[in-house]
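Step one of this worksheet: look at the structure below.
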There are 2 protein chains.
Amino acid sequence: MTVMETTGTRTGRRPDGEDRYTISEVVAFTGLTAHTLRWYERIGLMPHIDRSHTGQRRYTNRDLDWLDLVGKLRLTGMPVADMVRYAELVREGDHTYGERFELLKATREDVLARIDELRGTLAVLDRKISFYADAGRPLASERSR
Amino acid sequence: MTVMETTGTRTGRRPDGEDRYTISEVVAFTGLTAHTLRWYERIGLMPHIDRSHTGQRRYTNRDLDWLDLVGKLRLTGMPVADMVRYAELVREGDHTYGERFELLKATREDVLARIDELRGTLAVLDRKISFYADAGRPLASERSR
DNA sequence: TAGGACCTTGGAGTGCACTCCAAGCAAGCG
DNA sequence: CGCTTGCTTGGAGTGCACTCCAAGGTCCTA
């Protein structure tokens, strides 16, 4: 894997105040590519990331928290555009609390619905699996393909 | 919605033997578009569908069953290519039982993992939601964005 | 101070899963 | 018979979420 630890740091997060991570450290934390991190910033899914005096990105613990949330939302199937909308609400300040609340509640419902769908699928899979398990050797005709 | 019932049929499935559905009936059953149904056939995700004497598709109850399964697998996030692989195994006959069994079991594990991920996301959402609920009106500073 | 690994940008390219188009044949109705 | 709606095909186009490229500047270690 060749993860060079440039500044003698451990693999984990550093305490607030010493949290200025390079893009490759963030890659290691999140599993995203550097390309994707830059792209997230371009489309407004990230706040503008702090820069070193030479213009290189320096991510903070707060940025990492945000990326964790994005990662969670991403695997609910939420479109990136919706996450960008949420990011905009955060940037717009406190007066968007209500809208954020509604958005999160709607997302919660989506997640519950998706879990239900998956449970339905699981039931179908289990029926098929037990069909194939019973038919250790092929029987007459198979309808449950 | 304007669902014209061309042959005086009810909206539901007909019994085996009278099951020769047009593509638009299948659209109504599955929610897929006609384009998608033809595309599924082209890429080998469907068996070759029976045709009328003039070459129009006539789907059977069995085809509908298959589309139900495909729909379930689709919403687990399984790539279409993997579903095509499964369809090929079915076409190849009984001697692929073992491989189908393994594929279904692996899919089952994926589904379980995905449900777990979603539960994790749900927990995060619930924490944020209760944060926004508590902060009925904005308090000092908001870290949990 | 030299070398290699790492970082920057705008813009172009990729893969997936559809989605649509044009041109023409088919089916049911008055 | 003509009309409207539906179905056929191969191939091209779309939208999303990345993913990569070229050309060049930066950082660290020997």
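Residue numbers begin at 1 in each chain, while the letters A, B, ... track the order of the sequences.
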Under-3.5 Å donor-acceptor pair between B/R57 side chain and D/dG6 base: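 Result: no qualifying N/O pair found.
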For a quick check, tell me whether the side chain of B/R38 and the base of D/dG10 share a donor-acceptor pair closer than 3.5 Å.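 Such a pair does not exist between side chain and base.
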Mind checking whether B/Y97 and A/F131 have parallel, tilted or perpendicular rings, split at 30° and 60°?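 Ring orientation of B/Y97 relative to A/F131: tilted.
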Can you measure A/H53 atom NE2 to D/dC27 atom P for me and round it to whole angstrom units?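 Going from A/H53 (NE2) to D/dC27 (P), I get 5 Å.
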Minimum-distance nucleotide (side-chain atoms of [X] versus [options]):
X	options	result
B/Q56	D/dC18, C/dT19, D/dT8	D/dT8
B/W39	D/dC27, C/dG11, C/dA17	C/dA17
A/S24	C/dA17, C/dC7, C/dA27	C/dC7

Would you please confirm or rule out a distance under 4.0 Å between OP1 or OP2 of [N] and any side-chain N or O of [X]?
X	N	answer
A/Y40	D/dA17	no
B/R74	C/dA17	no
B/T22	D/dC7	yes

I'd like to know whether A/N61 forms a side chain to side chain donor-acceptor pair (under 3.5 Å) with A/Y21, so could you lay out the CA-CA distance, the side-chain angles of the two residues, the decisive distance to 0.1 Å, and finally the verdict. CA-CA 8 Å; A/N61 282 331; A/Y21 307 99; 2.6 Å; yes
Could you say whether A/E41 or B/M78 is positioned toward the 5' end of DNA chain C, judged by the nucleotide with the nearest heavy atom to each?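 Comparing both residues, the 5'-ward one is A/E41.
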